[in-house]
Amino acid sequence: MLNAGRRGRTVGRFSKAVVVLLILAGFAYYWLLVNAGPSGIPARPFDIAALRAAADAKAGAKPTAIRFVTLATRRIPSATLAAGTGLRQITSGVIAWHIDTPNGGIVVDPGLSPPDAKAMSFSHYNNAAMALVDRWMDRAELILFTHSHIDHVGLFLDHPRFDSIVDKAIVTPKMLGGISALWRENGSHISKTRKLAPVEAVAPGVVIIQTPGHTPGSQMIYVQLANGREYILTGDTASLAPNFERATPRSRLVADILAPEDRPAVIGWLKGLKALKERNKSLVLLPSHDADWLATNAAALHISRAPVRPLPSPTK
Ligand SMILES: [Zn+2]
């Protein structure tokens, strides 16, 4: 009887400990991967009339198309980049963008090189796509960045003909701080920076919007094509479509711990994007890393995947 009683008390203590651990695990899951707060952050508004006026401010022909290419991919749980969207695995891609213009094109976020892709645990890397983006930068009239993280600026810094392309890049003083922090040999050779107004046209139909939050120098790119279609490249403020569809930021696991950002500012921009899209249904928001969403929706959004020529196989 005595032994049975003791055993009963031990089992009781054990199950209480399990319950406490389950509650703690549940709370950690909720806090790190579900919570999209703080709540009550006001929207940071986008002024579509100001964007359109800026798009018209520079004389000349507007761009004719937007194309993209995926350099690297990895599978990650959706909730890491969009809090509260669950543990379903999605494909996160490093996407480089090309805005077709009459003067050689504009490259946005050229992406990263194979060693950095490996360091960031990307499982697939497309060398032919890298060669294509390098050629894009050779021919481009401008090279733009949504922010200075390595998966957006790395391939620019590692370009084999860096000296011949560097002056096409628009790097703001705030962005240069981020690039220099990467300790790339080439990063130190960027001597020319350009301070931009909160909304500033850099080419006919191409407007840079300052949206600090994900990084101090983060920006979005508004594009108005010659046919009137409008797009915003959101950068990592919205890495996935649910970020702007639900105004939910990255998880706290990523945004507070692994890659800290100004989360309240990002939430404000996401609320602003959601409201902007609700008022302008035909405006297309293009997230920075949502490879699955882009693959599914590209045709409907009137953007296209750039054809990638396979590289010649190495001679034996
Ligand atoms: Zn990124």
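When a ligand or atom number is given, it counts from 1 through the structure's own listing order. Atom set for the values below is all heavy atoms of this structure, side chains included, hydrogens, waters and symmetry mates excluded.
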Salt bridge flag under 4.0 Å for residues Arg250 and Asp236: yes
Of all heavy-atom pairs linking Asp167 and Lys192, the shortest is O-NZ, 3.6 Å
Angle subtended at the Zn ion (ligand 1) by Asp236 OD2 and His152 NE2, rounded to 10 degrees: 100°
Does His147 put an N, O or S atom under 2.8 Å from the Zn ion (ligand 1)? no
Backbone of Met137 reached by a side-chain donor or acceptor of Lys168 within 3.5 Å: yes
Could you tell me whether the Zn ion (ligand 1) has an N, O or S atom of His149 under 2.8 Å away? no
Identity of the N, O or S atom of Asp151 lying closest to the Zn ion (ligand 1): OD2
Using 30° and 60° as the class limits, which term best fits the ring planes of His189 and Phe162: parallel, tilted or perpendicular? tilted
